[in-house]
2 protein chains.
Amino acid sequence: MHEEALAGATERADRILDAAAELLVRHGYRKVTVEDVAARARIGKGTVYLHWRTKRQLFEALALREAVVLAEELVAALRADPATLLPHRLLTTSYLVVMRRPVLRALTTEDAPELQPSGLDRELRSQELLVVERLFDLMAKRGLFRADVPNLRYAMTASTAGYFLLDRIDPTSAELDVQEKADALAYTVRHAFEPAEPPDRETLAAVADEAIAVMEELLPPYLARIYTYDRKQRTP
Amino acid sequence: MHEEALAGATERADRILDAAAELLVRHGYRKVTVEDVAARARIGKGTVYLHWRTKRQLFEALALREAVVLAEELVAALRADPATLLPHRLLTTSYLVVMRRPVLRALTTEDAPELQPSGLDRELRSQELLVVERLFDLMAKRGLFRADVPNLRYAMTASTAGYFLLDRIDPTSAELDVQEKADALAYTVRHAFEPAEPPDRETLAAVADEAIAVMEELLPPYLARIYTYDRKQRTP
DNA sequence: TGTTGACCAGTCTTCGAATTTGGTCAACTA
DNA sequence: TAGTTGACCAAATTCGAAGACTGGTCAACA
């Protein structure tokens, strides 16, 4: 790929990722072959390997692209209304985005251990963890969480996980529609972890800006990871 | 088995179930053979089939026996202190019992689809569901839950499930010890679903009695199912 | 009457062959 | 010459049949 074609290159990368996405939701990680993806993107198999070193990195790139979309949606929502930063709103927004995007849904629903974040290299992973950590700290410090929650991180994760995972286990939960579940989630988070009085408008706006900044810090390395050929990294 | 030996019979059933329990926690449902269980109980394999029609029913009996223990522990706790009926206390008590009893822990942790409640026959299952339903209604009606929770059942299930399932998925959560997790669970349920003011002592005691009655209704059919040979039922 | 283990049919495991697939690279094209 | 490709290879996966195992039965036994 020569300089001039770089734009076209990430364009092609996107086409490949589109193909991978389509096939992933239809057949699941295991049953999708690199050749299928290449064929669907109307390119040769070798060309796929000009973008990523392994099948796994290809699908990790797909997962990252979806993560970026999620982050961008959150940022957009925060810009439109800083009150989106309230934990229950942030959570339900995320929940709805995940459940409405087939790929994200497949990634959380289908347990493809190959695609779990553990597959990512340490730098990026720790960066991501750091962001979550920083967001939590930021929000906690600015009074978006009640101060006395024991093991806040764990409590949030555990209380929230069920909403994402339950349909996998208990078919009963399929009866409710996504919006109802989102409402239940919102209610739970709101009452379990938020203070009675939300912060006033100004601080909310200020913290939202900080949060946006933190999240946007994450995007460049993610984008780099998606579209830049990585000569070293080779997740084994 | 003649009349006189009936006591001895359930005694033997218990010995078999003990053997099954031991082997279940060690090797998991799949790897345990009926012959192993019989050998460990120092009886012939055929004898196992004098108690239950299938391997599956044997292990369902084991699961039921554990459920009975759980119910009894709850009843005991309720008798000792009616305030145990407060949702956050009821939940954490259950959680701690489950996590501290290897068999219950294995049954919830290890996903042996054969042992999921779905395996039980409709009558008993619906009876069990009915009990949960009735407990929920009872508690809701008497003010143990806040009145405005949307989809209370689902919200409770989803918010709670993560605490039982998370270690399976996210090894990070293994860092906290059981008591800390139980505390987090208690906090969450307490704030998410309970009213600011708990019911007064008297009504609490009264409702606890009702709850005990409801739960104890469940025990006889369970016990029957565990120890009575069932000539018809044959879960396919 | 109560117990058992030999026995049977169906299932699961094994393991080597055959096929598929991830990944490479020499040849090809524009 | 930069960029692309599909034939090619080794490794992994699937397939299939032989064999082993296990759930469940029941005639024989205690």
Side-chain angles (χ1 to χ4, degrees), chain A residues 1-13 15-16 19-20 23-24 27-62 112-115 119 227-236, chain B residues 1-13 15-16 19-20 23-24 27-62 112-115 119 227-236:
Chain A
M1 298 182 286
H2 60 304
E3 288 293 308
E4 188 201 349
L6 269 181
T10 81
E11 200 174 277
R12 189 174 64 186
R15 276 202 359 257
I16 300 174
L23 294 173
L24 176 71
H27 306 297
Y29 179 81
R30 291 241 358 237
K31 292 197 165 183
V32 176
T33 75
V34 175
E35 207 155 9
D36 292 343
V37 175
R40 186 160 239 280
R42 297 172 182 280
I43 55 167
K45 180 164 71 148
T47 307
V48 172
Y49 287 92
L50 296 177
H51 290 267
W52 304 279
R53 291 187 67 80
T54 65
K55 175 187 179 184
R56 182 165 165 172
Q57 286 189 5
L58 160 63
F59 280 89
E60 280 175 8
L62 176 59
E114 297 84 356
L115 299 179
Y227 297 110
T228 305
Y229 184 86
D230 179 356
R231 70 188 62 226
K232 298 180 222 164
Q233 220 68 45
R234 180 129 190 202
T235 51
Chain B
M1 295 183 290
H2 58 305
E3 289 292 307
E4 189 201 349
L6 270 182
T10 81
E11 200 174 278
R12 189 175 62 187
R15 274 200 1 255
I16 301 174
L23 294 173
L24 177 71
H27 307 298
Y29 179 81
R30 292 235 4 230
K31 291 198 165 182
V32 176
T33 74
V34 176
E35 205 156 11
D36 292 342
V37 174
R40 185 161 240 278
R42 295 172 183 282
I43 55 168
K45 178 164 71 147
T47 308
V48 172
Y49 288 92
L50 296 177
H51 290 268
W52 303 278
R53 291 187 68 80
T54 65
K55 175 187 179 184
R56 183 164 164 172
Q57 286 190 4
L58 160 63
F59 280 88
E60 281 175 8
L62 176 59
E114 298 84 356
L115 299 180
Y227 297 109
T228 304
Y229 184 86
D230 179 357
R231 68 187 62 227
K232 297 181 221 164
Q233 221 68 45
R234 179 130 190 199
T235 50

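In what follows, every chain begins at residue 1, and chains take the letters A, B, ... in the order their sequences are listed.
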At a cut-off of 3.5 Å, list every protein nitrogen or oxygen paired with a nitrogen or oxygen from nucleotides 10-14 of chain C, distance to 0.1 Å.
unit_1, atom_1, unit_2, atom_2, d
C:dT13, OP1, B:Arg30, NH2, 2.7

Q | Nearest listed nucleotide, side chain of A:Lys45, among D:dG6, C:dT4, D:dG23 | A | D:dG6
Q. For the side chain of B:Thr33, counting heavy atoms from C-beta on, which of D:dG24, D:dT22, C:dT4 is nearest?
A. D:dT22
Q.
For a quick test of reading the model, state the closest non-hydrogen atom pair linking A:Ala41 to A:Ile16 and the distance between them.
A. CB-CA, 4.1 Å
**Q.** Minimal non-hydrogen separation, A:Lys55 against A:Arg30, with atom names
**A.** NZ-O, 3.7 Å
Roughly, in whole Å, what's the span from [atom1] in [X] to [atom2] in [N]?
| X | N | atom1 | atom2 | answer |
| --- | --- | --- | --- | --- |
| B:Leu50 | D:dT25 | CG | P | 11 Å |
| A:Tyr229 | C:dT24 | OH | P | 7 Å |
| A:Tyr29 | D:dT13 | OH | P | 11 Å |
| A:Glu35 | D:dC9 | CD | P | 16 Å |
| B:Lys31 | D:dT22 | NZ | P | 11 Å |
| B:Gln57 | D:dG24 | CD | P | 9 Å |

Q: Apply side-chain contact (heavy atoms from CB on, under 4.5 Å) to B:Arg40 and list each qualifying residue two or more places apart in sequence or on a separate chain.
A: B:Ala19, B:Glu22, B:Leu23, B:Arg26
Q: Name all residues meeting the side-chain contact (heavy atoms from CB on, under 4.5 Å) criterion together with A:Thr228; count only those two or more places apart in sequence or in a different chain, and write none if there are none.
A: A:Ala224
(Q) Please enumerate all residues that pass side-chain hydrogen bond (donor to acceptor under 3.5 Å, both in side chains) together with A:Thr33, with sequence neighbours excluded. (A) A:Asp36
Q.
Just to verify, what does B:Tyr49 make a side-chain hydrogen bond (donor to acceptor under 3.5 Å, both in side chains) with, not counting sequence neighbours?
A. none
(Q) Quick one, B:Arg53 and B:Tyr229 - any side-chain contact, counting heavy atoms below 4.5 Å? (A) yes
Q. Within a strict 4.5 Å, meaning less than it, do heavy atoms of the B:Arg56 and B:Tyr29 side chains meet?
A. yes
Q. Between B:Thr10 (side chain) and B:Ala13 (backbone), is there a donor-acceptor pair under 3.5 Å?
A. no
Q.
Would the base of D:dG24 count as contacting B:Lys55 through its side chain, where contact means a donor and an acceptor less than 3.5 Å apart?
A. no
Please tabulate, one pair per line, each protein N/O and nucleotide N/O from nucleotides 25-28 of chain C that are separated by under 3.5 Å, including the distance.
none

Q) NA contact type, A:Val32, heavy-atom cut-off 4.0 Å: base, sugar-phosphate, or nothing? A) sugar-phosphate
**Q.** Touch class at under 4.0 angstrom, heavy-atom based, for B:Val37 against every strand present
**A.** nothing
Q) Is B:Arg12 near enough to C:dT3 that one of its side-chain N or O atoms lies under 4.0 angstrom from OP1 or OP2? A) yes
